[in-house]
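Note sheet for the following structure.
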Amino acid sequence: MDSEEYNIEYLKENGFTRKKCERCGSHFWTRDHDRKTCGDAPCEFYSFIGNPIFKERSADEIRESFLSFFEHCPHKHTRMKRYPVVARWRDDIYLNIASIANFQPFVTSGKVPPPANPLVISQPCIRLEDLESIGKTGRHLTAFEMMGHHAFNKRGGEEIYWKNDTVRYCDGFLRHLGVDMDSVTYKEAPWVGGGNAGPCLEVITNGLELATLVFMDLELSPQGEISINGQRYTKMDTYIVDTGYGLERFVWASKGTPTVYDAIFPDVIKELVNASGIEHPLETHPAIIIQNARLSGAMKREEIANKLGISLENLKNILEPIETIYAIADHTNCLAFMLADGVVPSNAKEGYLARLVLRRVFRMLKSMGIEIPLEDIVLMQIETLRKSFPELEKSVDRIVELVSLEHRRYDETLLKGERIVRQMARGYKGKRKEEQKIPLDMLINLYDTHGLPPEFVKEVVSNQEAGVDVEVDIPENFYSLVASMHSEERKGEMEQPIVEKIEEKTKSIPATQKLYYEKPSAVDFEATVLDFVDGSVILDKTLFFPEGGGQPADTGSLTLKEENRTLKVIDVQEVEGVILHKIENSGVSKGAVVSGHIDAARRIAHTKHHSATHVVVCAAREVLGGHIWQAGAQKGEKRARIDITHFKRISDAERSEIEMLANRIVMEDKEIKASFEDRNEAEQKYGFRIYQGGVPPGKRIRIVRIGEDEDVQACAGTHCSKTGEIGPIKILRTERIQDGIERIEYSAGEAAVKEIQLLEELIRKSASVLRVPVHKLPSAVERFFEEWKQLRKENERLRAEIAEQRIGLWKEHARDIRGVSVIAEVLPGADTKEMMKIASQLSKDDFLTILIGKREKHASVVSSVPVYLRNDVNASALVKRVCEVLGGSGGGKAEIAQGGGTKIEKVKEAMEAGITLVDDLISKNK
RNA sequence: GGGCUCGUAGCUCAGUGGAAGAGUGCCUCCUUCGCGAGGAGGAAGCCACGGGUUCAAAUCCCGUCGAGUCCA
């Protein structure tokens, strides 16, 4: 990146000089003319530990002083409420990873104006990339607050502020806190992230990076003229001040505690230390702890041990217990935000991330022997957070239920896992010593398919009973091995992004006027053809609803007035406000006047199902709880479905309740109001719950409200004007499409009536088959099934009896072949099972048998050989010979075998072939 | 969104193309003053469901339903 980018007036005017770090070689700005390094770890150690940088402040105090500093600075930033930690408005990330993420992609790209400009916010963020190092490094947190002041500038427009004021404000804020300004360095470090990039200054003091000032003005572009890390970038139409100040780091710097955890979670750590029965090593080994903390940013653990003059093992033993407690404190804080903001633990998407964190904590609590239930620790965290985030308290009940449910599930997984491992270990019994080692791929498989971490496998195996001594070697990089295995699977699926040709072509065409919003009940309209692109007609205005938000496109026709020709509209899509009517034929000229007609029945069905969707979500939220979030939806003519986040299966009772409530909302005939509202105002007024069905682009968004705002959603679909118009709503089924996501399928309006009739017919027909009244169907079916089972048993018993009786009969029919008693008979209608019984009994009495059961289209063959002939005649070979003639095949054991064939006319021939073979074999072996 | 595993007696699971099994629990009897324990016998299975391949499927293939788990 061009060094010119960092040629910032403020730095030059305030006595800063640009230097090159002696250690890492990067450039930085400083007031201290003798400074030789950039000041960042690992070039420098944490000199603030035990020696705070400024006056001690709590998290609440730091946050408040930051927000009010920027509210009252010359640029009067607007203070914003925090956004959720679940990035509901993004489809590329699950969790909110930075304050700027709140404004991506629409605000940063310039499509939507910012809610305020400039603005200041303290945004709780979650990053789970470094889960393994949490607790160990002393500075990593999964959940942290990123304080940011943002200014959104547009090229050609009036500039709010850019690099100069950004640095000025940052410098001013640090001075305001009382930081020694000579110790502050601004380090040049190009920033890259999420398809954007730009120059960046890292703000560092005493070894600690407190903030980053990003000047975001580049975007990824294959033809871009600027190259960073091998990727090409180009200048954007916007240029944005994206700053991130680590709230927790400021608190840490103000306290000078050994770790950031000691600064942020002192109370929780105290509780955990007490509960685990250990002592905080800060009390037992203060010198080691302080020294380690100061050096930890700059050195590896081995080096630190060396420097402190103790063994690595010893240092680990001192640190590891408290590191686990730090991690628990961190993770529970993270969970408080995730669960309160509505993440439902599951096995996919953001739910999996929640489960991952939950299970890590369960494991850590167990290893530390801490018996405080996890939910109680999360509640402790909420207790300290509630002053600044009162909304967290609303979710307390659900969190308790959720966490204990997850605990139960985890215990079950482990219990099952223990059985699996024990069984596997038993398989090693009696093997040679060098073979008693679980191979790596087996360990990976156990983790991948059963969720059993190798440490757990090792523990179970080491508790094995005597005689089994299985080795378990866990490679250091086990988890990254698993991860890389999965990323290899994915490589082949990478798709090349298709260049949006249509978008290019429609860019110059004005947005289509959407008559379906203005006249929701109209079916006919007139319009003028503006263009014809790739088989699609573009009009100046239209009634045709384009596919979107889970609602399929309208179909219908366009009639060219002058030519009196009708075109069938088969699909309708919207691209950047321009509506494309895909037609079967071509040959439409610009300027032609058309009259359009939409398929009214289809549209009405879609409309009813769409309104019904909102009603069902609303009812489900009422019945199941506030964590219900729409995870996908599809509307059709006959039925519709919604996927909702929920942590257990919807019971039959809940399903009935949701259905009843939904129909009650219909019967109350509530108003459904749809109107365009300012996006930022709507977000503030209704909250993020409006983004149930995804996030629409644009400055103004369409808001659909039911009744007294019982349900408010951003929605582009067509809707009834009153809930009564929806008609009956019938829930057809619920399905668990994923752990944590339930699908509800339902029909509305006429389609619902038809579904009910269909169901009724099904029941009526079933009842009439059994000749019972409908209400007796369940008991009748049960009785029939029981009787059927009884009869089946009886049948089997009788067959055994017949077989028994036949045995006596067949014995008299035995023929003698060279001294061997052979029973070779054809049994009409007999089945294989019955013949097996007979044959097996006869062979016990020293008869050799060949039985052929002759049925309508198929003959089955059973043969048995008495024990004394075992070495001479093989039953399996005998059956094969017989079945060959019958055009089939067979096989089995040497004593008894079965087979069959389809050439029933050759039964006699087959039997003779069998007897001949027996004759041959006996004579040969005698 | 993608991958892997599983569904067999009330429970825990073997069986991986040739006759549905074990342990445990249950029932009856014997032993015992009684309990624990031991002995003898017995009942209990749409082998999740629906297709296909095969002479033959719990077993192989496809689909559906249900459960578990890992990765992004």
Exercise. What dot-bracket string describes RNA chain B from 5' to 3', counting Watson-Crick and G-U wobble pairs whose defining distances are under 3.5 Å, with [ ] for crossing pairs and | for pairs to another strand?
Worked result: (((((((..((((....[..)))).(((((.......))))).....(((((..]....)))))))))))).
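By the 4.0 Å N-to-carboxylate-O rule, A:K765 lies close enough to A:E761 to be salt-bridged with it. A salt bridge is defined here as a Lys NZ or Arg NE, NH1 or NH2 lying under 4.0 Å from an Asp or Glu carboxylate O, and A:E401 with A:K648 meets this definition. Using a 4.0 Å cut-off between charged side-chain N and carboxylate O, A:E796 and A:R799 make no salt bridge. A salt bridge is defined here as a Lys NZ or Arg NE, NH1 or NH2 lying under 4.0 Å from an Asp or Glu carboxylate O, and A:R641 with A:E735 fails to meet this definition. The existence of a salt bridge linking A:E132 and A:R360 is confirmed by a sub-4.0 Å separation between a basic side-chain nitrogen and an acidic carboxylate oxygen. Under the 4.0 Å criterion applied to side-chain N and carboxylate O atoms, A:E659 and A:R655 are not assigned as salt-bridge partners.
Note on residues 889-914 of chain A: no pairs pass side-chain hydrogen bond (donor to acceptor under 3.5 Å, both in side chains), not counting sequence neighbours. Evaluation of the side-chain hydrogen bond (donor to acceptor under 3.5 Å, both in side chains) test over residues 857-870 of chain A, restricted to residues two or more places apart or in two chains, returns A:T849-A:S864.
OP1 or OP2 of B:G1 lies within a sub-4.0 Å distance of a side-chain N or O belonging to A:K349. At least one side-chain nitrogen or oxygen of A:T413 sits closer than 4.0 Å to the OP1 or OP2 atom of B:U69. Between A:R409 and B:A67 there is no side-chain N or O to OP1 or OP2 distance below 4.0 Å. In this model, the phosphate group of B:U69 is approached by a side-chain N or O of A:R355 to a distance below 4.0 Å at OP1 or OP2. Checking the phosphate oxygens (OP1, OP2) of B:G66, a side-chain nitrogen or oxygen of A:R649 falls inside 4.0 Å. Contact check, A:R419 against B:C6: no side-chain N or O comes under 4.0 Å of OP1 or OP2. Regarding contacts with the backbone of B:A43, every side-chain N or O of A:K793 stays at 4.0 angstrom or more from both OP1 and OP2.
A gap of 15 Å separates the C1' atoms of B:G66 and B:U8, to the nearest Å. Comparing the P positions of B:U54 and B:U59 gives a spacing of 16 Å, expressed to the nearest Å. Rounded to whole Å, the separation between the C1' atoms of B:C70 and B:A14 comes to 27 Å. Distance check on atom C1': B:A44 versus B:C27 gives 10 Å, rounded to whole Å. One P atom belongs to B:C6, the other to B:A19, and the distance between them is 23 Å to the nearest Å. For B:A48 and B:A58, the P atoms lie 10 Å apart once the distance is rounded to whole Å. For the P atoms, the distance linking B:G21 with B:C61 amounts to 25 Å, nearest Å. Distance noted for atom P between B:U16 and B:G34: 47 Å (whole Å).
In this structure, A:M424 places its CE atom 17 Å from P of B:U5, rounding to the nearest Å. When rounded to the nearest whole Å, the span between NZ of A:K854 and C1' of B:C55 equals 17 Å. Following rounding to the nearest Å, A:I97 (CD1) and B:A72 (P) show an atom-to-atom distance of 15 Å. We find that CD of A:Q738 is positioned 13 Å from C1' of B:G3, with the value rounded to whole Å. Nucleotide B:U64 holds its C1' atom 16 Å from the CZ atom of A:R736, rounded to whole Å. At whole-Å resolution of the value, OH in A:Y410 and P in B:U69 are 10 Å apart. Between the CD1 atom of A:I93 and the C1' atom of B:G1 there is a distance of 16 Å, rounded to whole Å. The nearest whole Å value for the distance from the CD atom in A:E129 to the P atom in B:A72 is 10 Å.
Counting non-hydrogen atoms under 4.0 angstrom, A:E735 reaches the backbone sugars and phosphates but no base. Within 4.0 Å of A:G451, counting heavy atoms only, lie sugar-phosphate atoms of the nucleic acid but no base atom. Counting any heavy atom pair closer than 4.0 Å across all strands shown, A:I420 reaches no nucleic acid atom. Nucleic acid contact for A:A348: base, since at least one base atom lies under 4.0 Å from a heavy atom of the residue.
Side chain A:N347 to base B:U69: a donor-acceptor pair is found below 3.5 Å.
Picking from B:U69, B:C4, B:G45 the nucleotide with the shortest atom distance to the side chain of A:N445 gives B:C4.
A:P439 is linked by a side-chain contact (heavy atoms from CB on, under 4.5 Å) to A:Y428, A:D441, A:M442, counting only residues two or more places apart in sequence or in another chain. Qualifying ring pair (Phe, Tyr, Trp, His ring centres under 6.0 Å) partners for A:Y479, counting only residues two or more places apart in sequence or in other chains: A:Y447.
Between A:A631 and A:K880, the residue whose closest nucleotide on RNA chain B is further toward the 5' end is A:A631. Residues A:T449 and A:G887 each lie close to RNA chain B; by heavy-atom proximity, the contact nearer the 5' end of the strand is made by A:T449.
Note that CD of A:E755 and CG of A:L758 are 6.0 Å apart. Values are rounded to the nearest 0.5 Å.
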Seminar exercise, completed: For nucleotides 19-27 of chain B, 5' to 3', base contacts (B), sugar-phosphate-only contacts (S) and non-contacts (-) with protein non-hydrogen atoms under 4.0 Å give BS-------
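Between the A:N102 side chain and the A:Y83 main chain, no donor and acceptor come within less than 3.5 Å of each other.
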